[in-house]
A.B. asks: 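Sharing a structure below in structure tokens format, with a few things to ask.
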Amino acid sequence: MIRTATPTDIPVIHALIRELAAYEKEPQEARATPEQLHEALFGEHPGAYAHLATDDTTGEPVGFALWFLNFSTWRGVHGIYLEDLYVRPTTRGAGHGKALLTELARICVARGYERLEWSVLNWNRPAIDFYEALGARPQDEWTVYRLTDEALRKLGQPRRPTTSRTGTDLSAA
């Protein structure tokens, strides 16, 4: 079963994110705190959304999808960017991943969104095969870029005011 996450799900979402990071061989990068997740998903201005896949027998969470809205300037409408999709290895093959993606596709169709996009690690062949079997196609002509940590801070540091000979602030130009 797929259900929308609630604030009481924060601990399990946090645990699933950490499991995903370990699966992707980057556990040290999963630095989000439960408090940050709560603010992002359920704060005054939520910027992300989550759904949980639960075991049909026990009702225990076995996977999740965390997503946010993006926007296509070419299509002129929102879409969904799937940040994380994860199903615990012991429950894979039972349809939970497909059910999570189906729910997001339903949201797209119901709201008039024209894209559901995500990234997958090049080495994750089982995931690639799964996505392609659903009809998803890689965007091979695109390369993802990311600024983080020191590079982001360096680029984003406040500019020193630049003034002209007459004293006019030119840094806003």
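As the structure is a prediction and not an experimental result, all values here were calculated from the model.
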A.B. asks: Answer yes or no: are there more than 12 heavy-atom neighbours, outside W74 itself, under 6.0 Å from its atom CH2?
C.D. replies: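 It does not: W74 CH2 has 12 such atoms or fewer within range.
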A.B. asks: Should M1 and D56 count as side-chain neighbours, where that means a heavy-atom distance under 4.5 Å?
C.D. replies: yes
A.B. asks: Is the number of heavy atoms from other residues, nucleotides or ligands under 6.0 Å of N122 CG greater than 12?
C.D. replies: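 Count not over threshold, so no.
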A.B. asks: Tell me, yes or no, whether the heavy-atom count around E141 atom CD, taken from other residues, nucleotides or ligands under 6.0 Å, exceeds 12.
C.D. replies: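 Count over threshold, so yes.
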A.B. asks: Look at R88 together with E19 and state whether they make a salt bridge at an N to O cut-off of under 4.0 Å.
C.D. replies: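 Salt bridge: yes.
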A.B. asks: Side chains of L101 and L82: does their closest heavy-atom pair fall under 4.5 Å?
C.D. replies: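 Yes. Closest side-chain heavy atoms under 4.5 Å.
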A.B. asks: State whether a side-chain donor-acceptor pair under 3.5 Å links Y81 with S119.
C.D. replies: yes
A.B. asks: If you compare all heavy atoms of L20 against all heavy atoms of L85, which two are closest, and at what distance to 0.1 Å?
C.D. replies: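 Looks like CD1-O, 4.4 Å.
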A.B. asks: Please report the closest heavy-atom contact between A127 and V120, naming both atoms and the distance.
C.D. replies: CB-CG2, 3.9 Å
A.B. asks: If you look at every heavy atom in A30 and R18, which pair is closest and at what distance?
C.D. replies: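 Reported closest heavy-atom pair: O-NH1, 2.7 Å.
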A.B. asks: Do R137 and Y131 have side chains that approach each other closer than 4.5 Å (heavy atoms only, starting at C-beta)?
C.D. replies: no
A.B. asks: Check whether any side-chain N or O of D9 sits under 3.5 Å from a backbone N or O of T6 as a donor-acceptor pair, and report yes or no.
C.D. replies: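 Yes.
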A.B. asks: Heavy-atom distance under 4.5 Å between the side chains of W118 and I80, does that happen here?
C.D. replies: no
A.B. asks: Check whether any side-chain N or O of D84 sits under 3.5 Å from a backbone N or O of A65 as a donor-acceptor pair, and report yes or no.
C.D. replies: no
A.B. asks: Main chain of E114, side chain of H78: is a donor-acceptor contact present, judged purely on distance under 3.5 Å?
C.D. replies: no
A.B. asks: Work out which heavy atom in I13 is nearest to a heavy atom in A50; give both atom names and the distance.
C.D. replies: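 Closest approach of I13 to A50, heavy atoms only: CD1-CB, 4.1 Å.
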A.B. asks: Salt bridge or not between R3 and D55? Use side-chain N to carboxylate O under 4.0 Å.
C.D. replies: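 A salt bridge is absent here (no side-chain N lies under 4.0 Å from a carboxylate O).
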A.B. asks: What heavy-atom pair brings A32 and Q36 nearest, and what distance separates the two atoms?
C.D. replies: CA-OE1, 3.2 Å
A.B. asks: Please tell me if the side chains of Y145 and L147 come closer than 4.5 Å, counting only heavy atoms from C-beta onward.
C.D. replies: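 Contact flag for Y145/L147 side chains = no.
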A.B. asks: Can a cation-pi geometry be assigned to R92 and Y23, taking NZ or CZ under 6.0 Å from the six-membered ring centre and within 45° of the ring axis?
C.D. replies: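 Yes, R92 lies over the aromatic ring of Y23.
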A.B. asks: Count the heavy atoms of every other residue, nucleotide or ligand shown that sit under 6.0 Å from CZ of R153, and state whether that count exceeds 12.
C.D. replies: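 Counting neighbours around CZ of R153, more than 12 heavy atoms of other residues, nucleotides or ligands fall under 6.0 Å, so yes.
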